[in-house]
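First comes the structure, then the notes that go with it.
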Number of protein chains: 2
Amino acid sequence: MNLKELSQHLGLSPTTVSRALNGYPEVNERTRQRVLEAAERHNYSPNSGAKRLAEGRVMTIGHVLPVSNEHEMVNPVFADFIAGAGKRYAEEGYDLLLTVVRDEDEVATYRDLAKRRAVDGVLLHGPKVNDRRIELMKELNLPFVVHGRSSVVGEDYNWVDVNNRRAFERAAGLLLDLGHTRIAFINGLADMDFASRRLAGMRDALASRGIEVCDDLVRHAEMSENYGYSSMREFLEMPEPPTAVLVSSIIPAIGARRALSDAGLSMADDVSVLIHDDDLSYFRNEGDIPTYTAVRSSVRDAGHMSAEMLLQTIANPDKEPQHVLLEAELTIGQSTGPAPAMRRFLKQG
Amino acid sequence: MNLKELSQHLGLSPTTVSRALNGYPEVNERTRQRVLEAAERHNYSPNSGAKRLAEGRVMTIGHVLPVSNEHEMVNPVFADFIAGAGKRYAEEGYDLLLTVVRDEDEVATYRDLAKRRAVDGVLLHGPKVNDRRIELMKELNLPFVVHGRSSVVGEDYNWVDVNNRRAFERAAGLLLDLGHTRIAFINGLADMDFASRRLAGMRDALASRGIEVCDDLVRHAEMSENYGYSSMREFLEMPEPPTAVLVSSIIPAIGARRALSDAGLSMADDVSVLIHDDDLSYFRNEGDIPTYTAVRSSVRDAGHMSAEMLLQTIANPDKEPQHVLLEAELTIGQSTGPAPAMRRFLKQG
DNA sequence: TGGCGCATCCAAAGCGCTTTGGCAGGACAC
DNA sequence: GTGTCCTGCCAAAGCGCTTTGGATGCGCCA
């Protein structure tokens, strides 16, 4: 069933039927009802291809999911972000186009999406410290929102980000308050913007107490469970292991926990662990007292807000770039406790 | 730059340019080269909307991601499956359309995709024991592949599935061989087809030794970390706790492990844990000796194969329904050991 | 009564591509 | 020299929608 057939059924012109369906005023209200009802009855929806062609916009948002070739990993954080964003798209009648590509093809993919007119805008994930994609989007004249920021990029652009620096400054501050001075950090890939901000936050906190970050205690990699495990293991094998560890995601934290338990140690008592918690739906850090002490910020909410911002940008392209800076909340869980020295001090006091 | 402009640049008709670009034979090879080069130089790609309209197919595959309203969860397993499938789509020039919807809107979404002609085919995730979507797809005349199967559905259809029954029969068999008789099962949602098959497999194994599955020891829910935690906790609080536990995913297994360590117990020594391992990229169960004893089958590979099957079905709609039944491999890790009775027996022997 | 304005509808063009159905011209056979 | 076939190109229709630019007819006012 297409427009033409439907309009013939109704004894109306395609023009009128189209206007009736799209809510234009120049059609009698009774006719509109008839049309609406007939469309419903005949199960009619406008053909997507024809609509895109005629309207010149495609009602589609692009997300590109780069899959690194060697390890072929796709971050579960992504799933929650997509869920948050995708729900918003659906509400507004937008489709979500997901392109899975090898790392090195990512730029070509954005170019392709733009020139094929396959999307009205894109959402950029996981920006690097210096991310060329931002410049690329401007060149391609594609509306976009970045989830995160890119420190080095000069121009202004839309973004939604967590205040990573502040969050990790506070996180490290708490550990310092507990008497920890030898603090490790299991962080994300070094060229990721969030990772560099978090490290800066930690550095700030330590610096304010006159402590320098020890390079041996800072790890950078894709944040898998195994990465958390092996990092913690290596820490424990050091002559002078850290007494506290920051972890950039709950997933490596699970691995870190495994390493501790393999070594017969436990969180809080032996080593304090403080994580960034994206509030992943399958890994809720909750309960009377949450398992992990954490700086938390829901990645699903971030997805939702990013989507909202993008849709607004598309609707109103001349709008000034928007920014949302989310503050993470620091909640105390079961994974942190006083440093050994502090513990002795408390006892004797 | 569109076809018309490009053809004017070249002093050719749009027809010839189109044919040259699409590899039709009735164009001189030298002309084709000229066209190809000009297209490249002017950065031309056919407009997606126009192409869909003219061709009558949209080069797009649909995936629907239902998000249950109450708990808003999206399974990380999904991310890996998508990665496997999406890569295959991209290779064949297909786009992936992802729709995030509330559970109750799922059927309406498929209908909508079909009547808008937004997709050439769909991939169905997480089939229930009796899944109405299969009938729906036939009604809508949409090519489809099911990742998993639906036991009750009579008609034939395309599917890619793991031999869940066999896998869990073997898994339970191993535990029995180790002397366990009181075996629990932390399974997926009861109405999921995979969950019912796995339970059946376990039941078969126990039955062959004259043991009946104890209902109190079987849990069904969405497979989050917390679910694994609380289930294991409840098991441990029983007057007669199980000595071994099957877990349908590595994620609840992580929770189960946490419950054990909270109780000062450990896997293998105190309670044997045997999981189904989807080989998630962020949760690789590997190492010299893997952490978990597991029946393993890569969900990413399943995604890849499902995509392949769907593309073939679209290319050749009259083909007989295809089936792929994957066998999981059973690998021994650190999480299983002999039952207490067996342990005593071994000692005294 | 004539004219104006408004409400309601429609014909046709246009979006950018593919595809059908030629058409010219050269090669070749007879 | 005529007819046939093949190569290489093109004009035009058509995909299903939106949108421009009228048309028609009616009520209403002067």
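Each chain gets a letter, A, B and so on, in the order the sequences are listed, and its residues count up from 1.
Straight-line distance from the CZ atom of A:Arg57 to the P atom of D:dC17: 16 Å, rounded to whole Å. In this structure, NZ of A:Lys51 is placed 18 Å from P of C:dG16, rounded to the nearest angstrom. We find that CG of B:Leu3 is positioned 12 Å from P of C:dT19, with the value rounded to whole Å. Here C:dT18 presents its C1' atom at 15 Å from CG of B:Leu6, a figure rounded to the nearest Å. Distance, A:Arg30 CZ to C:dT8 P: 9 Å, rounded to whole Å. Distance, A:Leu21 CG to D:dC17 P: 10 Å, rounded to whole Å. Atom pair B:Lys4:NZ and C:dT18:P shows a separation of 15 Å (rounding to whole Å applied).
At least one side-chain nitrogen or oxygen of B:Tyr24 sits closer than 4.0 Å to the OP1 or OP2 atom of C:dT19. OP1 or OP2 of C:dT18 sits under 4.0 Å from a side-chain N or O of B:Asn22.
Side-chain polar atoms of A:Tyr44 and A:His9 form no donor-acceptor pair below 3.5 angstrom. Side-chain atoms of B:Ser18 and B:Thr15 include no donor-acceptor pair closer than 3.5 Å. B:Gln312 and B:Glu308 share a side-chain donor-acceptor pair at under 3.5 Å.
Salt bridge annotation for B:Asp193-B:Arg149: absent, with no cationic side-chain nitrogen under 4.0 angstrom from a carboxylate oxygen. A salt bridge links A:Arg32 and A:Glu29; the closest N-O separation between the charged side-chain nitrogens and carboxylate oxygens is under 4.0 Å. At a threshold of 4.0 Å, the pair A:Glu91-A:Arg88 counts as salt-bridged, since one of the basic side-chain nitrogens sits closer than that to a carboxylate oxygen.
Counting only heavy atoms from C-beta on, B:Leu53 has its side chain closest to D:dC15 among C:dT18, D:dC15, D:dT18. Nearest nucleotide to the B:Tyr44 side chain, out of D:dC17, C:dC17, D:dT18: C:dC17. In the set C:dC17, D:dC17, C:dT19, D:dC17 carries the atom at the smallest distance from any side-chain atom of A:Asn47.
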Do nucleotides 4-13 of chain D as a string where each nucleotide becomes B, S or -: B if the base has a protein heavy atom under 4.0 Å, S if just the sugar-phosphate does, - if no protein is that close. ----BBBBB-

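At least one donor-acceptor pair under 3.5 Å links the side chain of B:Ser150 to the backbone N or O of B:Val129. Looking at A:Asn158, its side chain does come within 3.5 Å of a backbone N or O of A:Gln322 through a donor-acceptor pair. Panel note: side chain A:Thr31, backbone A:Val27; no donor-acceptor pair is recorded below 3.5 Å.
If you find the closest nucleotide of DNA chain C to B:Met1 and to A:Arg32, the one lying nearer the 5' end belongs to A:Arg32.
Within residues 33-41 of chain A, no residue has a heavy atom under 4.0 Å from DNA chain C.
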